Undergrad: 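Shown below is the structure under consideration.
The shown structure was predicted, so the numbers you read here are calculated from the model rather than taken from an experiment. Note that these values count all heavy atoms, side chains included, but never hydrogens, waters or copies made by symmetry.
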Amino acid sequence: MATSNLKHPKIPHPTHPTTFFISTDPTLLDLAYIHNYLSSHSYWAQHIPLEAVRVAVEASFAVGVYMNISKNQNHDEGGSGVQKNGAGKNEEGEGNMHTVIKQVGFARWITDFSTFGYLSDVFVWPGEVCGLGLGKFLVSTSLELLNTHPFRTPKPNHPPLPPIRRLMLATKDATGLYEKYIGFRELAGIRSGPNSETRFMEKLQLPEGGYRSFMEGQSN
């Protein structure tokens, strides 16, 4: 997917604004981290090859959750992360401090940005960052970013695009999260297999009456 003309907003976590943020910047994505979780810790993508993850991420609208970590350069023990900003003194006045950005969550939308979107590969990990509301933050913010994506900005003298008509996802253990925070509803009786616990959910964003109702509303 071309990215040269896209904005990459950074949105701080409402409860922990100096620690966590969401970004659509593809250069921040840690592919090894994403692959590690999906291949070794998820229930839906066990043993998926790294190259399959890379292609899927690059062909999707990907959103990452990140944590800012301040480290002393003189006592840095290494570890993954992206160093992003400059030197400063720590509280004792010893050594220089730098901020490392570490990825702690991920989601991606498989979408045409106009009529359909499928939410996939949603996770927050490792466990020590769970319980802070990051999952709610991730799913609600990713939907907002999808609906306001630059591809959806009307051209000059063109009418606004209708809402993305149908959004879908599949989950085994988070139906309540998606229903409460982004308005999905379960498609009763639909499973990925006869013995599967995976449930499909959808969200219809067009008003009742479909495109005609939307267009009539725009002309009033």
Side-chain angles (χ1 to χ4, degrees), residues 3-38 40-42 53 57-58 60-109 117 119-150 152-153 169 171 173-174 176-184:
T3 59
S4 59
N5 64 335
L6 303 185
K7 299 177 182 178
H8 306 300
K10 291 184 178 181
I11 302 175
H13 188 271
T15 309
H16 308 276
T18 62
T19 305
F20 299 102
F21 67 91
I22 274 179
S23 177
T24 60
D25 187 345
T27 66
L28 292 180
L29 293 170
D30 185 339
L31 189 62
Y33 158 83
I34 297 168
H35 173 253
N36 183 19
Y37 180 86
L38 292 178
S40 301
H41 300 276
S42 75
V53 174
V57 170
E58 291 182 356
S60 305
F61 176 49
V63 180
V65 185
Y66 303 91
M67 178 169 59
N68 289 312
I69 304 173
S70 294
K71 291 189 175 183
N72 189 322
Q73 286 180 324
N74 293 342
H75 300 90
D76 191 351
E77 297 180 356
S80 63
V82 181
Q83 182 176 335
K84 299 302 286 187
N85 60 305
K89 290 288 186 180
N90 62 18
E91 292 183 355
E92 289 77 27
E94 299 176 355
N96 292 324
M97 300 296 292
H98 66 276
T99 298
V100 171
I101 294 175
K102 179 179 179 181
Q103 187 167 1
V104 295
F106 177 75
R108 66 186 182 96
W109 287 93
L119 182 59
S120 184
D121 294 337
V122 181
F123 66 89
V124 173
W125 182 68
E128 55 260 34
V129 301
C130 294
L132 301 177
L134 294 177
K136 305 167 190 175
F137 177 49
L138 172 58
V139 297
S140 59
T141 304
S142 73
L143 177 56
E144 178 184 355
L145 292 171
L146 175 68
N147 282 325
T148 58
H149 194 279
R152 295 185 47 75
T153 302
L169 60 86
T171 182
D173 55 5
L177 171 74
Y178 295 119
E179 182 175 0
K180 182 175 181 180
Y181 291 100
I182 54 176
F184 275 70

Undergrad: Calculate, to the nearest 0.5 Å, the distance between atoms CG and CD1 belonging to L138 and I182 respectively.
TA: 9.0 Å
Undergrad: With sequence neighbours left out, what residues match T141 under side chain to side chain contact (heavy atoms under 4.5 Å, CB included)?
TA: I11, I22, F137, L145
Undergrad: Measuring from H98:NE2 to I69:CD1, what's the distance to the nearest 0.5 Å?
TA: 9.5 Å
Undergrad: Less than 4.5 Å apart, any side-chain heavy atom of P9 and any of T24?
TA: yes
Undergrad: Under 3.5 Å, which donor-acceptor pairs link side chains of residues 119-133 to any protein atom two or more places apart or in another chain?
TA:
| unit_1 | atom_1 | unit_2 | atom_2 | d |
| --- | --- | --- | --- | --- |
| D121 | OD1 | W44 | NE1 | 2.7 |
| D121 | OD2 | R108 | NE | 2.7 |
| D121 | OD2 | R108 | NH2 | 3.3 |

Undergrad: Could I get the full list of side chain to side chain contact (heavy atoms under 4.5 Å, CB included) partners for A32, not counting sequence neighbours?
TA: D30
Undergrad: Does any non-hydrogen side-chain atom of N68 lie less than 4.5 Å from one of I101?
TA: yes
Undergrad: For N147, give me all partners under side-chain hydrogen bond (donor to acceptor under 3.5 Å, both in side chains), at least two apart in sequence or on another chain.
TA: Q205
Undergrad: With sequence neighbours excluded, what pairs up with Y66 under the ring-ring contact (aromatic ring centres under 6.0 Å, His included) test?
TA: F21
Undergrad: Check side chain to side chain contact (heavy atoms under 4.5 Å, CB included) between T19 and all other residues, then give those that pass, not counting sequence neighbours.
TA: H16, M67
Undergrad: Below 4.5 Å, heavy atoms only, C-beta onward: do P26 and E58 meet side chain to side chain?
TA: no
Undergrad: If you look at every heavy atom in P17 and P12, which pair is closest and at what distance?
TA: O-CB, 3.6 Å
Undergrad: Can you tell me how far CZ of F184 sits from CG of L169, rounded to the nearest 0.5 angstrom?
TA: 4.5 Å
Undergrad: I'd like to check the ring-ring contact (aromatic ring centres under 6.0 Å, His included) partners of H35; sequence neighbours left out, ordered by chain and number.
TA: none
Undergrad: List the residues meeting side chain to side chain contact (heavy atoms under 4.5 Å, CB included) with L31, not counting sequence neighbours, and say none if there are none.
TA: L50, V53, R54, V57
Undergrad: Work out which heavy atom in L28 is nearest to a heavy atom in K10; give both atom names and the distance.
TA: CD1-CE, 4.2 Å
Undergrad: Got Q103 and I34 here, is their nearest side-chain heavy-atom distance under 4.5 Å?
TA: yes
Undergrad: Output all residues satisfying side-chain hydrogen bond (donor to acceptor under 3.5 Å, both in side chains) with K136, sequence neighbours left out; order by chain, then residue number.
TA: Y181
Undergrad: For Y33 versus G105, what's the shortest heavy-atom pair and its separation?
TA: OH-N, 3.1 Å
